[in-house]
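What follows is a short report on a single structure.
As the structure is a prediction and not an experimental result, all values here were calculated from the model. Proteins get letters first, then strands, A, B, ... in listed order; numbering begins at 1 in each.
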There are 2 protein chains.
Amino acid sequence: MNIEQSISSISRQSLHVELVERLRDLIVDGTLAAGEKIPERELCERFGVSRTPMREALKVLAADGLVSLAPNRGAWVSKITVTELEEVFPIMGALEGLSGEMACLHISDQQIADIRKIHHEMVAHFKAGELNEYFSANQAIHEAILEAANNPTLRTMYRTLAARIRRARYLANMTDERWAEAMDEHEQILQALEGREGEKLAMILREHLKNKFDTVRQWLVDEEAES
Amino acid sequence: MNIEQSISSISRQSLHVELVERLRDLIVDGTLAAGEKIPERELCERFGVSRTPMREALKVLAADGLVSLAPNRGAWVSKITVTELEEVFPIMGALEGLSGEMACLHISDQQIADIRKIHHEMVAHFKAGELNEYFSANQAIHEAILEAANNPTLRTMYRTLAARIRRARYLANMTDERWAEAMDEHEQILQALEGREGEKLAMILREHLKNKFDTVRQWLVDEEAES
DNA sequence: TGACTTCATTTTGAATTCATAATTCAATTT
DNA sequence: AAATTGAATTATGAATTCAAAATGAAGTCA
């Protein structure tokens, strides 16, 4: 067992890692809104820490693209722009496609069974019109595929990008028609996964994401038109 | 003009950004060797800065995977393992393939002409047996394609991964046969680019990278066998 | 010899302090 | 009234300080 593993499994993480995670959550769930100024002192008071670990955390979040730093001017929550989403979505597509391909190489019958179970729950939430529960199940499926791909680096990169996208509260904009379409796509995802058809799964996942992007873009265009 | 742009064009970057870049270079070029312990005090003395900005820089590098942090134990230059390369290369392939596809959508005749020029220089270096010069030209071509893809997020992610891979001094292991093969692949890359055949280019780039990976893996297996 | 303790030293984590740059706002000028 | 200047305030960048944990060496005992 190497040093890093033995340490991380025993002691708790350092303060700045904790802060990175909590700040990321606050940004993703919108508590810290896009474009908002985030003064260090205020954040430090909120979390009861000094400026040193907070500043370390802000540097990491800036490297991840969730925070913008202006020298001597402080930190802002990064804005979500159409341009940014147009950059990020194709990359997400490439990564998710890859995760599908790799998942097909490694996935066990048990893992497929687990995903099928989530899939059925998702169908139930769809039929009940439970949007948030549907969304959670949906996300869980993509996470499970990512998990099956068995590539920690891919997982980290995917999640970093996903965080930037999830801040867009596009759900409200999803039409019933699009929702039904997404369900159909998910049926195909499950079938490709069960047949372990890597390339086909990759294609479906990319298409699925592209359609999602169209929904998000529409939301964002409307949003920007308002302000 | 937004705040970040107006600031960055006037004032110099903050210390920790400077440190991130310089440390990254030292790690990539092997001055700081993989697996090496890097005590903060020593680094601070080398760069003439205090521990605060240095620690900020180490946090960012750790997030990028070039440095490993063990709580209360300090920082190490991350080791390059076969496992890590097996994770990273397929991701590089997906990103480079995407960059090829996107480049074909946007690239101008001038940009293609520029790449063709570098390509010919590279051929000359190949014929002269100038490995390092060949490698620089090679890298410049991939960078130019990435540039033509016109996606800053993709560029950043690609470069972050590339930094992790380039530390492997695999060049020494490249056979003349493999070298000739790589040249042939580059001919195909140029042709696909000129024909703006996105999918074909993506495929060639992925294949090209996969072959490179095989070379690197062989180097690393030999390396690990030594120690 | 070799494993275990103890304690001084070193290193790191985080808080505090100090210097400097940016911001605010009242006073002044046009 | 609007724009400009400049002092006071505030926030940030970086160095220093302090506390806690890890390291390493000497000593102890089996």
- From CH2 of A:Trp76 across to C1' of C:dT23 the rounded distance in Å is 11 Å
- For side chain to side chain contact (heavy atoms under 4.5 Å, CB included), just list the numbers for A:Met122 and A:His186, CA-CA rounded to whole Å, side-chain angles, deciding distance to a tenth of an Å, and then say yes or no. CA-CA 10 Å; A:Met122 186 180 73; A:His186 262 273; 3.5 Å; yes
- Query: Can you name the nearest heavy-atom pair linking B:Gly93 to B:Leu209, along with the distance?
  - Reply: N-CD2, 3.2 Å
- Message: Could you check whether any side-chain heavy atom of A:Pro152 comes within less than 4.5 Å of a side-chain heavy atom of A:Arg155, counting everything from C-beta outward?
- Response: yes
- Which one, D:dA15, C:dT12, D:dA22, comes nearest to the side chain of B:Pro39? C:dT12
- Note on the structure: Rounded to whole Å, CZ of B:Phe47 lies from C1' of D:dA14 at a distance of 17 Å
- Non-hydrogen atoms of A:Leu220 and A:Val82 that approach each other most closely: CD2-N, 3.1 Å
- Query: Tell me: CZ of A:Arg51 to C1' of D:dC18, nearest whole Å?
  - Reply: 18 Å
- Side-chain contact, heavy-atom cut-off 4.5 Å: B:Leu146 with B:His142? no
- Which of residues 54-65 of chain B have a heavy atom under 4.0 Å from DNA chain D? none
- Rounded interatomic separation in angstrom, taking CD1 from A:Ile38 and P from D:dA11: 14 Å
- Sorted by first residue and then second, give each salt bridge (Lys or Arg N to Asp or Glu O under 4.0 Å) pair with at least one member in residues 134-143 of chain B; sequence neighbours left out. B:Glu143-B:Arg159
- Message: On DNA chain D, does the nearest nucleotide to A:Gly74 precede the nearest nucleotide to B:Pro53 from the 5' side, or the other way round? Give the residue.
- Response: A:Gly74
Output a table of nitrogen or oxygen pairs between the protein and nucleotides 5-10 of chain D separated by less than 3.5 Å.
none

- Rounded interatomic separation in angstrom, taking CG from A:Leu15 and P from C:dT12: 18 Å
- Query: Of all residues at least two apart in sequence or in a different chain, which pass the side-chain contact (heavy atoms from CB on, under 4.5 Å) check with B:Asp214?
  - Reply: B:Lys210, B:Asn211, B:Arg217
- Message: For D:dA15 and B:Ser50 - does any side-chain N or O of the residue sit under 4.0 Å from the phosphate oxygens OP1/OP2?
- Response: yes
- Query: Are the side chain of A:Arg22 and the backbone N or O of A:Phe47 linked by a donor-acceptor pair below 3.5 Å?
  - Reply: no
- Quick one: side-chain contact (heavy atoms from CB on, under 4.5 Å) partners of A:Val88, sequence neighbours excluded? A:Glu84, A:Met92, A:Leu161, A:Arg164, A:Ile165, B:Thr153
- Item | Near-strand residues of residues 18-25 of chain B, defined as heavy-atom separation under 4.0 angstrom from DNA chain D | none
- Query: Rounded to the Å, how far apart are A:Leu69 CG and D:dG13 C1'?
  - Reply: 12 Å
- To the nearest angstrom, the CG-P distance between B:Asn72 and D:dT23 comes to 9 Å
- Query: More than 12 heavy atoms of other residues, nucleotides or ligands under 6.0 Å from NZ of A:Lys37: is that the case?
  - Reply: yes
- Item | Between C1' of D:dT16 and CD of B:Glu40, the distance in whole Å | 14 Å
- Quick one: closest heavy-atom pair of A:Ile112 and A:Leu193, and the distance? CD1-O, 3.6 Å
